[in-house]
2 protein chains.
Amino acid sequence: MDMTWDDLRTVMALVRHGSLAGAGAALSVNYTTIARRIRRAEEASGEVLFERLSDGYRPTDAALLIAEHAEQMEQAEHGLMRRLKGAETHLSGILTITAPQLLIASFLSPVLDQFTRTHPDVELRVLATNELLDLSRREADLAIRVSRAPGDALTGLRLLYQDSASFANADWAARIARDPQTQINWVAYDSFPDVPKGTNPDYPNQKVRFRFDDMVAMVGAAQAGLGIVRMPMFLGRTNAGLQQVPVLAPQPYPEIWVVGHPDVWPSAKLRAFRGVLIAHCKAHKALFVA
Amino acid sequence: MDMTWDDLRTVMALVRHGSLAGAGAALSVNYTTIARRIRRAEEASGEVLFERLSDGYRPTDAALLIAEHAEQMEQAEHGLMRRLKGAETHLSGILTITAPQLLIASFLSPVLDQFTRTHPDVELRVLATNELLDLSRREADLAIRVSRAPGDALTGLRLLYQDSASFANADWAARIARDPQTQINWVAYDSFPDVPKGTNPDYPNQKVRFRFDDMVAMVGAAQAGLGIVRMPMFLGRTNAGLQQVPVLAPQPYPEIWVVGHPDVWPSAKLRAFRGVLIAHCKAHKALFVA
DNA sequence: TCCGATCCGTGCGAAAACGCATGTATGGAT
DNA sequence: ATCCATACATGCGTTTTCGCACGGATCGGA
């Protein structure tokens, strides 16, 4: 009847991923190890935990029960790891941060550079993604986000206010300046698929010509001359070949925040990183507003 | 930074027991294994978890933090094990019950006997103790208790009402019958150290002569003629050499209950055991009351 | 129809974890 | 002062666990 805690965790991983290989990858062990542990767990509990099907393992009710409770255990473990990290006072080891790709590419690189120079024993792991990683589950220690609020039960600091405006390449900028009546093609964001509101009435012929789901691509599209793009000012200013065009006047854009879980927030590494980050933001705040 | 769940459990055990040997016994492993796992955990976490002192291991703050969260994990594990046990439908494996020694010795043995005969594949573990074991922590599956309520968050059934009365050996019984004025020596229970209230005024010379902390010993004392004892009627009636004496009239005594955690209560094994138990109690209820 | 991608089971040798025996230090009781 | 009980550290041989390589089964697309 006695089962190892690690076997409970293994059952949970297999329930989650549905295959030995997936569970093995999640736990960083060979998949045969998963199979063996599952067999052990079945012997220990006296219950059949999975049906072996040709396309994977299907959990029985008993396995689902185990998985449910193992998730509670996992939550406790995450809480522990956060608290341990938060109590760290040494400036060494791994620090994981996440930020949108574009912010890293166009603005944050100097922060990363300076931080690793100042604290050479800290191994900085950077997750460049627009996804909102789960800081409770320790997917990252610190997140730099573009949004109006830190959200959830997270601690946060506002780093920057920013405005957006319309940008295009030199050809477009010249053409628009020459003839306000010209046909103006917008490259729009998937989630805001229309011509932005509040455009300058001097330019009557506007039309959405492309829709993209990714801002990186949109910057490229603007550079290549596919049309004009509404983007944060810092993006237009830092990417070569782009010029601001007067089609859409600057307007407030979601702020930039740094957020973290309150458990890990006090850690020395996080504190140090925030220091460098905040200094850099203060020094360049003019880049972000009109 | 990654730590095995079993290592977290090991840290918790060492914090609890204070010594490698104690923790090893609790986890049924050699104490050297505890030492190795602690070293592993310290390497994985990068924290010193224990001070090695001459009289044992003293936990650091980090270890206490781990232990705290590991206890949450343990609670989840206990909840799981209860649910798994409660869902069992087969009549095999281990069933653990607890009851006061005297109830087992004087009354319950036939229940145990019949149950194991009827269900030969169930291994019955009997914890004969007056201590209130923690059914949430699976110290036992089912408890037979002498008290007015099932307590806590437990499910329970009342098995029997019972009365108490005064008992003594044949010598004392004869002497009391011959001369009501004789000096009557009480053997009292430690927690009720006085002559019981409501004694028969026909016997004026009563005095507490001994105090015991254990009812088993008190039965023996009564048999040996040390004095008269207030005890449940079934005890006086089932133990050889004892007779009821009219010094203290029968009066209600705490009821006998069977209690269990609601999670495990539905299990087939528990259900079967309760069946045998209840039948036996019904058949012999007259033994318990005046 | 064939090929490739995913599954999983099995057997073997390497690596890790474990139990046991031995030796040392400390503190309390006789 | 001596003896004994408790508590750890260390080294060695054994057991257990693990990763890897190989083979079989299934499914879907070219």
Side-chain angles (χ1 to χ4, degrees), chain A residues 1-64 66-67 70 73-74 77, chain B residues 1-64 66-67 70 73-74 77:
Chain A
M1 191 58 182
D2 254 12
M3 217 181 317
T4 293
W5 281 12
D6 282 314
D7 286 350
L8 296 177
R9 185 192 215 177
T10 302
V11 171
M12 175 182 69
L14 184 50
V15 169
R16 261 190 201 150
H17 296 95
S19 76
L20 296 182
L27 297 182
S28 314
V29 295
N30 191 283
Y31 73 93
T32 57
T33 298
I34 304 289
R36 280 186 285 249
R37 289 190 189 163
I38 296 299
R39 259 198 297 280
R40 263 215 310 264
E42 290 186 325
E43 282 167 23
S45 68
E47 306 268 349
V48 177
L49 298 178
F50 293 88
E51 295 176 69
R52 276 74 168 167
L53 302 179
S54 60
D55 64 335
Y57 275 50
R58 169 173 306 158
T60 64
D61 287 349
L64 292 173
I66 292 175
M73 297 174 75
E74 193 189 37
E77 187 216 355
Chain B
M1 193 55 183
D2 254 13
M3 215 181 320
T4 294
W5 281 12
D6 282 314
D7 286 350
L8 297 178
R9 185 191 214 176
T10 302
V11 171
M12 175 182 69
L14 184 50
V15 169
R16 261 190 200 150
H17 296 94
S19 75
L20 296 181
L27 298 182
S28 314
V29 295
N30 191 284
Y31 74 94
T32 56
T33 298
I34 304 289
R36 280 187 285 250
R37 289 190 190 163
I38 296 299
R39 258 198 298 280
R40 262 214 310 266
E42 289 185 327
E43 282 167 23
S45 69
E47 306 270 347
V48 177
L49 297 178
F50 293 88
E51 297 176 67
R52 277 73 169 168
L53 302 179
S54 60
D55 64 336
Y57 274 48
R58 168 172 306 159
T60 64
D61 287 349
L64 292 174
I66 292 175
M73 298 174 74
E74 193 189 37
E77 187 216 357

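Here is the naming used below: chain letters follow the sequence lines, and residue numbers restart at 1 for every chain. The model shown is predicted, which means the values in this text are computed figures rather than measured ones.
In this structure, the CG atom of A/Leu53 is 14 Å from the C1' atom of D/dC27, given to the nearest Å. Nucleotide C/dT6 holds its P atom 16 Å from the NE2 atom of A/His17, rounded to whole Å. Atom CD1 of B/Ile34 and atom P of D/dA9 are 13 Å apart (whole Å). Going from atom CD of B/Glu42 over to atom C1' of D/dA9 covers 15 Å, rounded to whole Å. Whole-Å rounding puts the B/Ile38 CD1 to D/dC8 P distance at 11 Å. Between the P atom of D/dT16 and the CD atom of A/Glu43 lies a distance of 13 Å, rounded to the nearest Å. For the pair B/Arg40 CZ and C/dC18 C1', the interatomic distance rounds to 10 Å; values are reported in whole Å.
B/Arg39 comes within contact range of no nucleotide atom at all, as no heavy-atom separation falls under 4.0 Å.
The closest side-chain heavy-atom distance from B/Arg52 to B/Ile38 is below 4.5 Å. At a threshold of 4.5 Å between non-hydrogen side-chain atoms, the residues A/Met12 and A/Met73 do not count as touching.
Between C/dC7, D/dC8, D/dG19, one nucleotide has an atom nearer to the side chain of B/Ser19 than all others, and that is D/dC8. With C/dC8, D/dC18, C/dG19 as the choices, the nucleotide that has an atom nearest any side-chain atom of B/Val29 turns out to be C/dG19.
For A/Glu74, the salt bridge (charged side-chain N to carboxylate O under 4.0 Å, His left out) partners at least two apart in sequence or on another chain are A/Arg16, A/Arg137. Qualifying side-chain contact (heavy atoms from CB on, under 4.5 Å) partners for B/Ala63, counting only residues two or more places apart in sequence or in other chains: B/Val11, B/Val15, B/Leu49, B/Phe50, B/Pro59, B/Thr60.
Taking CD1 of B/Ile66 as the start and CD of B/Glu47 as the end, the distance is 8.0 Å to the nearest 0.5 Å. Distance check, rounded to the nearest 0.5 Å: CG of B/Leu27 to CD1 of B/Ile34 gives 4.5 Å. To the nearest 0.5 Å, atom CE of residue B/Met3 and atom CZ of residue B/Arg9 are 15.5 Å apart. The distance from the OH atom of B/Tyr31 to the CG atom of B/Leu14 is 13.5 Å, given to the nearest 0.5 Å.
Of the residues in residues 20-27 of chain A, not one comes within less than 4.0 Å of DNA chain D through any heavy atom.
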Output, in order, the C-alpha distance, side-chain angles, deciding distance and verdict of side chain to side chain donor-acceptor pair (under 3.5 Å) for B/Asp6 and B/Thr4. CA-CA 5 Å; B/Asp6 282 314; B/Thr4 294; over 6 Å; no

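Pairs engaging residues 25-41 of chain B under the salt bridge (charged side-chain N to carboxylate O under 4.0 Å, His left out) rule: B/Asp7-B/Arg40 [sequence neighbours left out].
Within the structure, every side-chain polar atom (N or O) of A/Arg52 is placed at least 4.0 Å from both OP1 and OP2 of C/dC7.
The rotation axes computed at either terminus of the helix from C/dT1-D/dA30 to C/dT30-D/dA1 lie 10° apart, taking five pairs at each end and rounding to 10 degrees.
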Could you run through nucleotides 20-30 of chain C and give me one letter per nucleotide, 5' to 3': B if any protein heavy atom sits under 4.0 Å from the base, S if only the sugar-phosphate is that close, - if neither? B-----S----

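Residue order along DNA chain C, read from the 5' end via each residue's closest nucleotide, puts A/Ala35 first among A/Ala35 and B/Ser28.
Within 6.0 Å of the CG atom in A/Asp61, the count of heavy atoms belonging to other residues, nucleotides or ligands does not exceed 12.
Across all their heavy atoms, B/Trp5 and A/Ala70 have their closest contact at CH2-O, 3.5 Å.
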